[in-house]
Amino acid sequence: MKLESSVVLVTGANRGLGLEFSKQALARGAAKVYAAARNPALVTLPGVVPVLLDVTKPEQVAEAARLCGDINVLINNAGIGRFGGFLTDDADGLLREQLETNLFGMLSTSRAFAGILGNNGGGALVNILSIVSWINTPSIAAYSVSKAAAWSLTNGLRHELRAQGTQVLGFHGGFIDTDLVRDFDVPKASPEDVVRSTLDALEAGEEEVAVDELSRQVKQGLSHGVYLTTDIVAG
Ligand SMILES: NC(=O)c1ccc[n+]([C@@H]2O[C@H](COP(=O)([O-])OP(=O)(O)OC[C@H]3O[C@@H](n4cnc5c(N)ncnc54)[C@H](OP(=O)(O)O)[C@@H]3O)[C@@H](O)[C@H]2O)c1
């Protein structure tokens, strides 16, 4: 998979990592970048094609698939993060809300574009996951469940899409300097660096990328039960 001359759709492209994915896809020579957003008026990056897309709205997903039938790379980046543990009030509401975007939204866009990727030569699906796909911590417990479920979804999609030649790349990152984690006073990786690592991994044909030191440590720690404590995220 080479980004040069590719046609890319990025969800949640108006800010944060989605904006950075759009910038770097263009810089690598993508022929077209659809910058999908809940409010396309907020897409101001020159050179992209703004598209209306709330990933929780099936009619918008269907319309985006109708409009963007030429893509060969889908970057499922849109996501939300809410604070709170499982014993707080409305823990189930928080979980449902995050599953709606982070899991069902990803499922919906993946299903809508799977045939398009296949028709356009296979291409690639990039799913933005997290270190909390692998561990859980009380400050973002329900978010972690949604990212664990999205990891499993990604692993399943990889098997189902292999027959049509679609590369499925799972992105795992720790804290990255965007609005999502602005209230966390911890060291953060830069969006520029993690997006560059992801696109390098995509172009190298990889299926999973741990984009920063923290995610590489968590991945290495899985066989030693890193998820049994919160030490690694508590610093
Ligand atoms: N920052 C981190 O530390 C970190 C680490 C690992 C993984 N991630 C993941 O990286 C992805 C991007 O997050 P970010 O850090 O860039 O956060 P961000 O700056 O908060 O951006 C989130 C983006 O997702 C969009 N979005 C939210 N709900 C949506 C929906 N229903 N439909 C379409 N778009 C929606 C937002 O649009 P609006 O502007 O309309 O709200 C925004 O463009 C997320 O999946 C996140 O879980 C982040």
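Everything numeric here is computed off the predicted structure, so don't read it as measured data. Remember, it's 1-based here, ligands and their atoms both numbered in the order they're listed.
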Asks: List ligand 1 atoms under 4.0 Å from Leu53, heavy atoms only on the residue side.
Replies: 32 (N), 33 (C)
Asks: So is Pro191 touching ligand 1 or not, going by heavy atoms under 4.0 Å?
Replies: no
Asks: Under 4.0 Å from a heavy atom of Asn77: give me the atoms of ligand 1 that qualify, with their elements.
Replies: 11 (C), 12 (C), 44 (C), 45 (O)
Asks: Nearest protein heavy-atom contact for atom 41 (O) of ligand 1: which residue, which atom, what distance?
Replies: Arg38 NH2, 2.6 Å
Asks: Starting from atom 5 (C) of ligand 1, locate the nearest protein heavy atom and write down its residue, its atom name and how far away it is, to 0.1 Å.
Replies: Gly174 O, 3.0 Å
Asks: Less than 4.0 angstrom from a charged side-chain N to a carboxylate O is my criterion; do Arg162 and Glu207 meet it?
Replies: yes
Asks: Only heavy atoms of Leu129, strictly under 4.0 Å: list the atoms of ligand 1 that pass.
Replies: 6 (C), 7 (C)
Asks: Check His172 against ligand 1 and report side chain, backbone, both or neither, counting heavy atoms closer than 4.0 Å.
Replies: neither
Asks: Can you list the atoms of ligand 1 that are under 4.0 Å from a heavy atom of Thr101?
Replies: 28 (N), 31 (N)
Asks: Can you tell whether the side chains of Asp200 and Arg28 come within less than 4.0 Å, N to carboxylate O?
Replies: yes
Asks: For ligand 1, is there an N or O atom under 3.5 Å from any N or O atom of Gly173?
Replies: no
Asks: Is Asn39 in contact with ligand 1, taking contact as a heavy-atom separation below 4.0 Å?
Replies: no
Asks: May I ask you to list the atoms of ligand 1 that are less than 4.0 angstrom from any heavy atom of Thr56?
Replies: 31 (N)
Asks: Aromatic rings Trp151 and His172: how do their planes relate, parallel, tilted or perpendicular, breaks at 30° and 60°?
Replies: perpendicular
Asks: In the protein, which heavy atom is nearest to atom 22 (C) of ligand 1, and how far is it?
Replies: Gly79 O, 3.6 Å
Asks: Report the part of Ile131 (side chain from C-beta onward, or backbone N, CA, C, O) that has a heavy atom under 4.0 Å from ligand 1; answer both or neither where that applies.
Replies: neither
Asks: Note the single closest protein heavy atom to atom 9 (C) of ligand 1, along with its residue, its atom name and the distance in Å.
Replies: Ile128 CG2, 3.6 Å
Asks: Establish whether Ile176 and Trp134 are linked, either directly or via other cluster members, by ILVMFWY side-chain heavy-atom contacts under 4.5 Å.
Replies: no
Asks: State if Tyr143 counts as touching ligand 1 under the rule of any non-hydrogen atom under 4.0 Å.
Replies: yes
Asks: In this structure, does ligand 1 have an atom that sits under 4.0 Å from one of the heavy atoms of Glu100?
Replies: no
Asks: Any N or O of Gly12 that comes nearer than 3.5 Å to an N or O of ligand 1?
Replies: yes
Asks: Side chain or backbone, does Arg15 bring an N or O within less than 3.5 Å of an N or O on ligand 1?
Replies: yes
Asks: Identify the protein heavy atom lying closest to atom 3 (O) of ligand 1, giving its residue, its atom name and the separation to 0.1 Å.
Replies: Ile176 N, 2.8 Å
Asks: So which heavy atom in the protein is nearest atom 31 (N) of ligand 1, and how far is it from that ligand atom?
Replies: Asp54 OD1, 2.9 Å
Asks: Looking only at protein heavy atoms, which one is nearest to atom 37 (O) of ligand 1, and what is the separation?
Replies: Asn14 OD1, 3.7 Å
Asks: List every atom of ligand 1 that sits less than 4.0 Å from any heavy atom of Phe175, numbering the atoms from 1 in the order shown and giving each element.
Replies: 3 (O)
Asks: Compare Thr178, Val195, Asp179 and give the one whose heavy atom is closest to atom 15 (O) of ligand 1.
Replies: Thr178
Asks: Tell me whether Ile232 shares a hydrophobic cluster with Phe175, the cluster being built from Ile, Leu, Val, Met, Phe, Trp, Tyr side chains joined at under 4.5 Å.
Replies: yes
Asks: Pick, from Thr11, Ile75, Leu42, Leu17, the option with the minimum heavy-atom distance to atom 16 (O) of ligand 1.
Replies: Leu17
Asks: Only heavy atoms of Ile80, strictly under 4.0 Å: list the atoms of ligand 1 that pass.
Replies: 27 (C), 28 (N)
Asks: Students should be able to answer this: which protein heavy-atom is nearest to atom 17 (O) of ligand 1, and at what distance?
Replies: Leu180 CB, 3.4 Å
Asks: Which heavy-atom pair separates Leu74 from Leu117 by the least distance, and what is that distance?
Replies: N-CD2, 4.3 Å
Asks: Starting from the C-alpha separation in whole Å, work towards a yes-or-no answer on side-chain contact (heavy atoms from CB on, under 4.5 Å) for Thr154 and Met106.
Replies: CA-CA 9 Å; Thr154 303; Met106 183 179 277; 4.1 Å; yes
Asks: Kindly confirm or rule out an N or O of Val55 lying under 3.5 angstrom from an N or O of ligand 1.
Replies: yes
